[in-house]
Amino acid sequence: MIDSVGGNMSSQSKADYVESNLYRIRHSAAHVMAQAVVEMFPDGKVAIGPPIEDGFYYDFDLPRPLTPEDLETLEKRMREIVSGDYKFEKEILQADEARKLFADQPYKLELIDGLAEGGFDEYGEPLDEKPEISIYTQDTFVDLCRGPHVSDTGEINPDAMKLLNVAGAYWRGDESRPMLQRIYGTAWESADDLEQYLWKLEEARKRDHRRLGRDLDLFSVNEEVGPGLILWHPKGGMVRKLTEDYCREEHEIGGYEFVYSPHIGKAHLWETSGHLDWYQENMYSPLDIEGQEYYLKPMNCPFHVQIFKSRTRSYRDLPLRFAEWGTVYRYERSGVLHGLLRVRGFTQDDAHLFVRPDQMPEEIDQVLEFSLNILRAFGFKDFQAYLSTRNPQKAAGEAVQWEAPTEALRNALERAEIPFQVDEGEATFYGPKIDLKVRDALGREWQLTTIQFDFTLPERFDLTYVGEDGQDHRPYMIHRALLGSMERFMGVLIEHFAGAFPVWLAPVQAVLIPIADRHYEYADQVAGELGKAGLRVEVDQRGERMNAKIRDAQNLKIPYMLVIGDREIEAESVSVRLRSEENLGAMTISEFLERAKSDIAERI
RNA sequence: GCCACCGUAGCUCAGAUGGCAGAGCAGUCGCUUCGUAAGCGACGGGUCAAGGGUUCGAUUCCCUUCGGUGGCUCCA
C-alpha cells in the first residue's frame, strides 16, 4: 500500500503532491464520481477513492459489471454535479456516530473500525497516531474522508476531467477479500493539461515495446511455444548481443570473472539454499531423472556457491566476483505476464560477489557506482533507489543478523548521493536489498538493478575461506543484477528510445538506397567497404522507388539512409539522410565513416 | 490466480437478427528505372483460436479450454 499515492514519485515530490491543489481537485473528483455511481446504483457499496499520480480512482461493490457506456453516463452526470457548485463540508464525528451514518456500508464500517482502533487511516494505510474521524459532504453525497478537498465542486474543471477505464481490484489489496470494481479517472487544472496528459498516454502507446517489437521485427511470443517465453528475432537478437557485449567488456574491466552453470539442479541443492522453503511458489514442478528430483533454476546463486566451494579459498582470493548471463525460469501467474517486462523465462546479467566482512562496505559502494555507470551508457540519467528491509513473515535468520547489512546498504546509498526511500518488509528471504529504478524518456520509472545482501546462503552452504590467521572464516555474499534481466531491459530500452536505438545499438546502422538497377553494383561495393569498416549495413534492392525505400527505412528507424544514384557514382560519394529527416547531402565514403564512427563512439 | 473486456488472412480491421467470408497494408510475379516518407497491375493467402452443445444449417447463439488486453495481488 506504500505506493497508493504516486508510486513513481520520490518521497519529496509525493509530499508536495499531497499538499497541492491538483491533489485536492482529484480527491474531490473521486467523491463526485462516487456520488454519480451511487445515484446509478442506490444499493452499491462504496470502498475507497484516493488521488493517485495523474488522476484518481474509486472502488465499488456493484450489482453488475460496469460498461464503457456507463462511464460516459457517469462522466456526464459528474459534469452536472460539478457545475452545481456544491460546497465540500467537513464534519468531525465520534466513531459511533460514524457507524450509524454508514450502517449500510460494510467497507466504510471496516474503515471506521480501523480509524477507531488507531491502526489505520481511511485508505487502510498504517498510522502512528489515532486519527480523528471526519466526513465530507457535497450535494447529496457523504463520504468518510480525512480530506483535503477543494472548497466547492465548481473548482473542478469539467473540461479537464475524464473517466478512463474500469478494472478489478481486491478490497484492501488482499486477494482473499472481495474483488471490487475500480474506476480510474483523471482530472487536471486546465483542459490543456488534460490534453497533454492524453497525448502522453497516446505517445506511450506508440512506444509500446510489444508493438515496436513486431513492427521492427525484434522479438515475438508464440502461442505454440507458450506465454511468457520470448523468441528473439535476428534484429532484436543483435540489439541484445550488442548490449551483452558491452556489459561483458565492462564486467571484465571491473574485475568480474565469467562462469557458466546448468539450467537444472537436484532438489537437495534447492533444499539447502532455502529456495524450496521460501521460493517454491515461483518454481516449476520438479523433473524426475532416474528417480532423482531436479528443479529448473529460478536463480543462479546455488551454482555460483558451488563454484566457490569447489576448492579451498584464501582471504587473498577475495573478493571473488562470478558473473553469468544466467537464464532462469520462474512461475509467474498468467495474469501478470506482460511483453518483455514480465516473463517466465529470462536471462539475468547476474553476479555473485564473495567478500570478506571488512571488504563489504567498499564492495557495495563499487557495485552501486558500477551499476550507475552502465545504466548511464544506455542513456538513462535519473535514478531512484529503494532500500528493502526485513519481512518478519518471510525471512531467514534472526532479526539482529539483518541490522548490520541493512545499515551497510543504507550507508552506500547515502555515500552515492542517490535519492532513496525505504520499503519496509520488502526484502528477499535471504537478506536486505537495494533496487534501482531508472526514469525513461517519458518520465516513467522502471525497476532494473537489484543489489542484494546475503548472509544466509554462506551459512546454509557452509562457505568458508582461510584467513590470515589460518582459521576458517565466513564470507559475505552479494547478489546483483544490473540490467535486471535482458528481457526487461530490452523492453525498457525499446520504449525509452521509441525503437530508434542509438547508432551503436541499432541492428541495422545504415541502409543503402540505390535509385535504379544500374546503381546496384556500386551500392554493393560501398556496402562491402562499410561492412569491412565494422558497420552493419543493408542494401535495399527491392524493385521499389526511392521514395518507398526511404519511407520504409524511416519506419524501421535506421540511423543512416545512403542514397546512391548517378551523381554519387560519378563523385564516388553517398548522399546521407538521417532518420531525423535531416539531409546531410553528399559526402565521400570516408567522410561518412568518420561521421558514423564518431556517432557510435558518443553513443548517440 | 482474480475481475472486466477481447480473439475473422502475417499486420490493421470490416462483416452477417444463423444460410458458401471481405478490404488495405505486407508477400509473390509482371510492368516501371524513378533524386529524399507509399508507382501501376495481377496472383496467392482464412477449419472465422480450439473442443463440445443447440439447430435442417454455427464464424455468428450457449458452455468449456487456450491465448491476449486493462487492472488487482505478485515481481527481474
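Worth saying up front: this structure is predicted, and the values here are computed from it rather than measured. Letters go in sequence order (proteins before strands), and every chain restarts at 1.
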Is A:Lys433 near enough to B:A76 that one of its side-chain N or O atoms lies under 4.0 angstrom from OP1 or OP2? yes
With a 4.0 Å limit, can you tell me whether A:His338 has a side-chain N or O closer than that to the phosphate oxygens OP1/OP2 of B:G68? no
Any donor-acceptor pair under 3.5 Å joining the side chain of A:Tyr57 to the base of B:G71? no
Taking N and O atoms by type only, does the side chain of A:Asn547 place a donor or acceptor under 3.5 Å from a partner on the base of B:U36? no
Check whether the side chain of A:Arg577 and the base of B:A37 form a donor-acceptor pair under 3.5 Å. yes
Quick one: stems involving RNA chain B, counted as three or more successive Watson-Crick or G-U pairs, both distances short of 3.5 Å. B:1-7 with B:66-72, B:10-13 with B:22-25, B:27-31 with B:39-43, B:49-53 with B:61-65
Please set out all donor-acceptor pairs under 3.5 angstrom arising from side-chain atoms of residues 212-229 of chain A, sequence neighbours excluded.
from, atom 1, to, atom 2, distance (Å)
A:Ser220, OG, A:His233, NE2, 3.3
A:Asn222, OD1, A:Glu224, N, 2.5
A:Asn222, OD1, A:Val225, N, 3.4

Counting distance alone, no hydrogens or angles: does the base of B:G35 have a donor or acceptor under 3.5 Å from a partner atom on the side chain of A:Glu568? yes
Any ion pair linking A:Lys206 and A:Asp208 (charged N to carboxylate O, less than 4.0 Å)? no
Judged by nearest nucleotide, the residue sitting upstream toward the 5' end of RNA chain B, A:Phe346 or A:Asn165, is A:Asn165
Do A:Arg342 and B:C74 have a side chain to base donor-acceptor pair shorter than 3.5 Å? yes
Whether the side chain of A:His519 engages the backbone of A:Ala516 through a donor-acceptor N/O pair (distance < 3.5 Å, no angle test) should be reported. yes
Among A:Asp599, A:Val508, A:Val511, which residue meets the side chain to side chain contact (heavy atoms under 4.5 Å, CB included) test with A:Tyr560? A:Asp599
